Amino acid sequence: MANKISLNGTSYHGPGAINEIITEIKMHGFKKAFVTSDPDLIKFGVTAKVTDLLDQEGLPYEIYSDIKPNPTIENVQHGVEAFKESGADYIIAIGGGSSMDTSKAIGIIITNPEFADVRSLEGMAPTKNPCVPTIAVPTTAGTAAEVTINYVITDVEKKRKFVCVDPHDMPMVAIVDPEMMASMPKGLTASTGMDALTHAIEGYTTKGAWEMTDMFHIEAIRLIAENLRGAVANTKEGREGMALGQYIAGMGFSNVGLGIDHAMAHTLSAYYDTPHGMACAQLLPISMEFNKEYTGEKYKAIAKAMGVEGVDDMTQEEYRNAAIEAVKQLSKDVGIPEKNERIKEEDLDQLAEDALADACYPGNPREATKEQVLELFRKLM
Ligand SMILES: NC(=O)c1ccc[n+]([C@@H]2O[C@H](COP(=O)([O-])OP(=O)(O)OC[C@H]3O[C@@H](n4cnc5c(N)ncnc54)[C@H](O)[C@@H]3O)[C@@H](O)[C@H]2O)c1
Ligand SMILES: [Fe+2]
């Protein structure tokens, strides 16, 4: 089968990039924006950094903010109704993965109304039409939803988080401005940044990885290892490096998939509302350890990209362990707690079953039994 790469049409990068939003709106002749953003972003004035620009230019818009972290089917369905009533002809998604993913699902259902139940979008849904034209403005440096073909929605009723994979959801324009991310508190910067590192490491070791995605993932690992500590300290360089690193990771993993870390992380968010980045971060050294013997020489490149010295003189066992240690150290330095105290022994069986049924699991380089997944969860408790 041929290797395939899908990326978003146009992207802008660097401090001040957000001003280009006006250029894009005018160039496309858009008339009214449906702005999706969550309540905290509105409260902290992050959304206003964009709507102020629209106001200055007299460009009409309507805000939709019924969006929670780990967004739900209801968040999407209410959004579809609001979009229909708004008379908007394009979407501006401002926020982290939750705002961008909600807007992707809304934009897909508007142009493919046969999927209005949302659940039928799980996996690779056979949608026929591209979503409503969307300009995505990430405010976290983590998910890279602005350049991925994925979105993730929570089914509260069934206690499940499901992944949708659909090139029709791709934003037309991405504006990746580190200044939009500067208001993130330390903990959020750390966990979303570790999500990006997880994308890069899982994407690099996933079954479908190939030369072009390897190129993206190794550069992403290097940028994240070099800049996440700085971003947590809110330095300009750290924010810039992370904005770019997370985007480059998205260029890769979106095209090849992930692995058991994300599969397990989705279940923790579905059961305990654990923030996505936190779940991914806590599971990263555990899943790397589990996979290490199924990754050939890949951990050598990971260790080097993580900044480990003397890798060329190490045995395979040594460089594999060094890569895992470097990830653990970074996680510790940015304040990620090692344990998830919310996991309950009585939930483990179902958590393991759900993880093995998750769309990210088949990409994992090593197959796992349910008992092994149970043990991986136990390491977090
Ligand atoms: N589409 C994809 O490819 C993809 C990839 C990975 C994860 N995801 C999904 O994305 C979601 C997680 O997204 P996320 O980690 O970006 O966080 P998020 O969007 O859930 O936001 C978390 C919190 O951070 C706040 N926040 C965001 N930006 C801020 C800023 N600049 N300043 C202050 N506060 C800010 C938000 O208001 C919110 O309260 C999960 O549902 C996850 O499954 C999607
Ligand atoms: Fe993720």
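In listed order, ligands and their atoms are each counted from 1. These numbers were taken from a predicted model, which means no experiment stands behind them.
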Exercise. For the pair F34 and Y64, name the ring-plane relationship: parallel under 30°, tilted 30 to 60°, perpendicular over 60°.
Key: parallel

Quiz prompt | Whether H199 has an N, O or S atom under 2.8 Å from the Fe ion (ligand 2) | solution = yes

Thinking salt bridges, do [X] and [Y] make one under a 4.0 Å N-O criterion?
| X | Y | answer |
| --- | --- | --- |
| K49 | E179 | no |
| D312 | K304 | yes |
| D273 | R342 | no |
| D349 | K370 | yes |
| E240 | K236 | yes |
| E289 | R320 | no |

Write out the residue and atom name of the closest protein heavy atom to [atom], then the distance separating them to 0.1 Å.
| atom | answer |
| --- | --- |
| atom 44 (C) of ligand 1 | D101 OD2, 3.1 Å |
| atom 37 (O) of ligand 1 | D38 OD1, 2.7 Å |
| atom 41 (O) of ligand 1 | K161 NZ, 3.1 Å |
| atom 18 (P) of ligand 1 | S98 OG, 3.4 Å |
| atom 4 (C) of ligand 1 | T143 CB, 3.9 Å |
| atom 39 (O) of ligand 1 | D40 OD2, 3.2 Å |
| atom 29 (C) of ligand 1 | L41 CD2, 3.4 Å |
| atom 2 (C) of ligand 1 | T148 OG1, 3.5 Å |

Can you confirm whether the side chains of [X] and [Y] place a donor and an acceptor under 3.5 Å from each other?
| X | Y | result |
| --- | --- | --- |
| D55 | Y61 | yes |
| R229 | T235 | no |
| K104 | T148 | yes |
| Q350 | D354 | yes |

Indicate yes or no: does an N/O atom of [X] lie under 3.5 Å from an N/O atom of ligand 1?
| X | result |
| --- | --- |
| H266 | no |
| T139 | yes |
| M180 | yes |
| T140 | yes |
| S99 | no |
| G97 | yes |

Self-check item: Test item, P138 contacting ligand 1 (heavy atom, 4.0 angstrom)
Solution: no

Exercise. Say whether K68 and ligand 1 are in contact under the criterion: heavy-atom distance to a ligand atom below 4.0 Å.
Key: no

Quiz item: What are the two closest heavy atoms between V327 and L284, and how far apart are they?
Solution: CG1-CD2, 3.6 Å

Of all the atoms in ligand 1, which lie at a distance below 4.0 Å from a heavy atom belonging to [X]?
| X | answer |
| --- | --- |
| T192 | 15 (O) |
| N150 | 1 (N), 2 (C), 3 (O) |
| P71 | 41 (O) |
| V152 | 43 (O), 44 (C) |

Quiz item: In H276, which N, O or S atom comes closest to the Fe ion (ligand 2)?
Solution: NE2

Self-check item: For the Fe ion (ligand 2), the closest N/O/S atom belonging to D195
Solution: OD1

Quiz prompt | From the candidates D169, L188, I153, the one that places a heavy atom nearest atom 34 (N) of ligand 1 | solution = L188

Self-check item: Per-residue contact class, M184 against ligand 1 - non-hydrogen pairs under 4.0 Å
Solution: both

Practice problem: Measure N70 to ligand 1 on non-hydrogen atoms and call it side chain, backbone, both or neither using the 4.0 Å cut-off. | Solution: both

Self-check item: Backbone of Y294 reached by a side-chain donor or acceptor of R366 within 3.5 Å
Solution: no

